[in-house]
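Here the structure is laid out as structure tokens; the discussion comes afterwards.
Everything quoted here is computed from the prediction, not taken from an experiment. Just so you know, residue 1 is the first one in the sequence shown, and it goes up from there.
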Amino acid sequence: MTLYIAREASKWIQLRRRVSMEMSVEAQVLLEKWKLLLAGLVFQYIHGLATRGVHYLHQPRPTLQDMGFMILSELGKERGYVSESLFSFTFLGFVLWTLHPFFCHSKRYYTVLIWHRVLAFLITSQALRIFTFYATQLPGPNYHCREGSKLARLPPPDSVLEVLLINFPHGVIYGCGDLIFSSHMIFTLVFVITYQKYGSKRVIKLLGWLLAIIQSLLIIASRKHYTVDVFVAWYTVNLVVFFVDKKLPEMPDRTTGSLPLLPMSVKENGGRSEEEVHKLLSRNSVDTADRRQNSNEWESHR
């Protein structure tokens, strides 16, 4: 019993050391890349502000003829949560995956650099989305955007503060008019494409694409978007990722035992130098397979 407790305590200490070392490394990367990360977070608010603004312009009219609506039965108000539940699962799963280098031995990438790329993809896609849904306002197909609904049109705001606060989260959930193209599909596709490139589990990659297809069908079945909104998102986001990814510097390989452990662009002004952090991380990052290989080589030379 005492030996078991000692082992558990040792594992806990090692985990704390690993998290502490990873935070030290990621902090240095963050100092270099904080501007785009901050811009990405600010743009999420700007995007929310834009969707709130177009709701004031929304005119409830009969729902447009849509092939997807003809094929897929409407989930209705009572089952509309199914689409949001799947999206939340995908979102949370991706966030946890980007954080796993803090806790696991395999370190193929930097969490800060992953989100640096993700936010670059999101900013570009959402900027295009804002232009398109302000250019043409389609009548919302969702139940709360149809003719006769009190939520379909917003009364003029009483103050600028009312607009700036976006009536969160009610204003986000019950928005109308921000249709072409689907924001949910932007996030889903950016996450799936990013894991396709930097993830390591083939089964999860296949699952990710399957979830993206199911998400597309659920969005249409929930009548949150027209089929065109989902279809445009599929090719627009893929094109955005393709071209933006070419403009971004490739991420350094962090596979255990490989170099460099820090991006070459990270400066050594203040804090630990790159060499010092390298030594710090290498102290507890010797791979078991490498040790076994070295042992076999020693035996063969005896």
- Message: Go through it in stages, so that I can follow the logic: the residues are Leu86 and Leu218, the test is side chain to side chain contact (heavy atoms under 4.5 Å, CB included), and I'd like the CA-CA distance, side-chain angles, deciding distance and then a yes or no.
- Response: CA-CA 9 Å; Leu86 180 60; Leu218 288 176; 3.8 Å; yes
Compare all side-chain heavy atoms of [X] with those of [Y] and state whether any distance is below 4.5 angstrom.
X	Y	result
Arg146	Pro60	no
Leu211	Phe89	yes
Trp234	Ile213	yes

Supply the atom-to-atom distance [X] [atom1] to [Y] [atom2], rounded to the nearest 0.5 angstrom.
X	Y	atom1	atom2	answer
Asp66	His225	CG	NE2	12.0 Å
Lys224	Glu84	NZ	CD	3.5 Å
Gln137	Arg61	CD	CZ	8.5 Å
Ile130	Ile46	CD1	CD1	7.5 Å
Leu37	Leu30	CG	CG	6.0 Å
Leu207	Ile214	CG	CD1	8.0 Å

- Applying the side chain to side chain contact (heavy atoms under 4.5 Å, CB included) test to Val237, which of Ile186, Leu128, Leu122, Thr124 qualifies? Ile186
- Query: Applying the side chain to side chain contact (heavy atoms under 4.5 Å, CB included) test to Ile220, which of Leu75, Ile71, Thr227 qualifies?
  - Reply: Thr227
Under a 3.5 Å distance rule, please check whether [X] uses its side chain to pair with a backbone N or O of [Y] as donor and acceptor.
X	Y	answer
Thr51	Gly48	yes
Ser182	Val230	no
Thr98	Val95	yes
Gln44	Gly40	yes
Ser222	Ile219	no
Tyr134	Ala50	yes

Connected via hydrophobic side-chain network under 4.5 Å: [X] and [Y]:
X	Y	answer
Trp97	Leu206	no
Val112	Ile114	yes
Leu36	Val42	yes
Val241	Met185	yes
Ile123	Leu248	yes

[atom1] of [X]: more than 12 outside heavy atoms within 6.0 angstrom?
X	atom1	value
Tyr45	OH	yes
Phe43	CZ	yes
Trp209	CH2	yes
Phe131	CZ	no

- Query: Is there a side chain to side chain contact (heavy atoms under 4.5 Å, CB included) between Met70 and Gln65 once you walk through the steps?
  - Reply: CA-CA 8 Å; Met70 297 177 185; Gln65 183 174 337; 3.1 Å; yes
If every non-hydrogen atom of [X] is compared with every non-hydrogen atom of [Y], which pair is closest and at what distance?
X	Y	value
Pro155	Tyr56	O-CE2, 3.2 Å
Gly175	Cys145	O-SG, 3.6 Å
Leu189	Ala212	CD2-CB, 4.3 Å

Carboxylate-amine/guanidinium contact [X] [Y], below 4.0 Å:
X	Y	result
Glu74	Arg79	no
Glu250	Lys197	yes
Asp178	Arg52	no

- Message: Is the distance between the ring centroids of Tyr226 and Phe231 under 6.0 Å?
- Response: no
- Task: Run the ring-centre check on Tyr195 versus Phe94 and record whether the distance is less than 6.0 Å.
- Result: no
- Does a donor on one side chain and an acceptor on the other come within less than 3.5 Å for Ser183 and Gln126? no
- Distance-only donor-acceptor check, side chains Arg117 and Tyr198, under 3.5 Å: yes
- Query: Do the rings of His47 and Phe133 sit parallel, tilted or perpendicular, given the 30° and 60° boundaries?
  - Reply: perpendicular
- Message: Would you call the rings of His55 and His58 parallel, tilted or perpendicular, taking 30° and 60° as the class edges?
- Response: perpendicular
- Task: Report the C-alpha separation of Phe187 and Val118 in whole Å, then their side-chain angles, then the decisive distance to 0.1 Å, and conclude whether the side chain to side chain contact (heavy atoms under 4.5 Å, CB included) test is met.
- Result: CA-CA 9 Å; Phe187 279 90; Val118 166; over 6 Å; no
- Could you please spell out the steps behind the ring pair (Phe, Tyr, Trp, His ring centres under 6.0 Å) verdict for Trp115 and Tyr109? CA-CA 11 Å; Trp115 280 104; Tyr109 58 83; over 10 Å; no
- Message: Taking the cut-offs as 6.0 angstrom to the six-membered ring centre and 45 degrees off its axis, would you call Arg223 and Tyr143 a cation-pi pair?
- Response: no
